[in-house]
Amino acid sequence: MKEKIHPSYRRTIIRCVCGAEYETRSTKENLRVEICSKCHPFFTGKQKFIDSGGRIEKFQRRYGKKEEK
């Protein structure tokens, strides 16, 4: 590796708004994130599935064959 061209790689703490802290190494100091694996709905099991008509049904209503009356 060439000398004096790489950024310094140091220990840092990643803090989430929920209060979780993770110690890691990075080129940046003290990172703040809005969401992490402790508070994300996918990982906590509080995920909501909302299907308002579905994509296929919307497409068929818009571009599908017209029914004869």
Side-chain angles (χ1 to χ4, degrees):
M1 292 192 328
K2 291 184 179 180
E3 293 183 23
K4 299 183 181 180
I5 65 167
H6 300 285
S8 60
Y9 192 64
R10 56 187 167 262
R11 287 187 180 183
T12 186
I13 296 177
I14 299 173
R15 289 186 178 92
C16 180
V17 293
C18 72
E21 294 183 354
Y22 303 98
E23 186 175 330
T24 188
R25 294 178 55 109
S26 176
T27 57
K28 296 186 178 187
E29 291 185 33
N30 302 326
L31 300 169
R32 296 189 61 98
V33 294
E34 294 180 9
I35 198 159
C36 67
S37 62
K38 287 188 179 179
C39 60
H40 191 281
F42 179 78
F43 296 109
T44 60
K46 296 179 182 176
Q47 187 175 13
K48 296 179 183 176
F49 293 102
I50 300 172
D51 187 21
S52 58
R55 291 182 180 180
I56 296 172
E57 287 82 10
K58 281 184 182 179
F59 179 83
Q60 287 176 344
R61 272 185 281 157
R62 202 179 275 174
Y63 302 110
K65 293 182 178 180
K66 303 287 184 188
E67 292 182 23
E68 295 181 24
K69 294 182 183 180

Legend entry - Point-to-point distance, once rounded to the nearest 0.5 Å, from CZ of Arg15 to SG of Cys36: 13.0 Å
Inset, instruction - Nearest 0.5 Å please: distance from the OG atom of Ser26 over to the OH atom of Tyr9. - result: 7.0 Å
Inset, instruction - Could you grab the distance from atom CG of Asn30 to atom CZ of Arg11, nearest 0.5 Å is fine? - result: 13.5 Å
Inset, instruction - Look at the side chain of Thr27 and the backbone N and O of Ser8, then say whether any donor-acceptor pair between them is shorter than 3.5 Å. - result: no
Inset, instruction - Report yes or no: do Ile13 and Val33 belong to one cluster of Ile/Leu/Val/Met/Phe/Trp/Tyr joined by side chain heavy-atom distances under 4.5 Å? - result: no
Inset, instruction - Go through the steps for Arg10 and Arg25 under the test side-chain contact (heavy atoms from CB on, under 4.5 Å), then give the verdict. - result: CA-CA 5 Å; Arg10 56 187 167 262; Arg25 294 178 55 109; over 6 Å; no
Legend entry - Connected via hydrophobic side-chain network under 4.5 Å: Ile35 and Ile14: no
Inset, instruction - Count the heavy atoms belonging to other residues, nucleotides or ligands that lie under 6.0 Å from CD of Glu34, then report whether that count exceeds 12. - result: no
Inset, instruction - Write down the atom of Lys38, the atom of Ala20, and the distance for their closest heavy-atom approach. - result: CD-CB, 3.8 Å
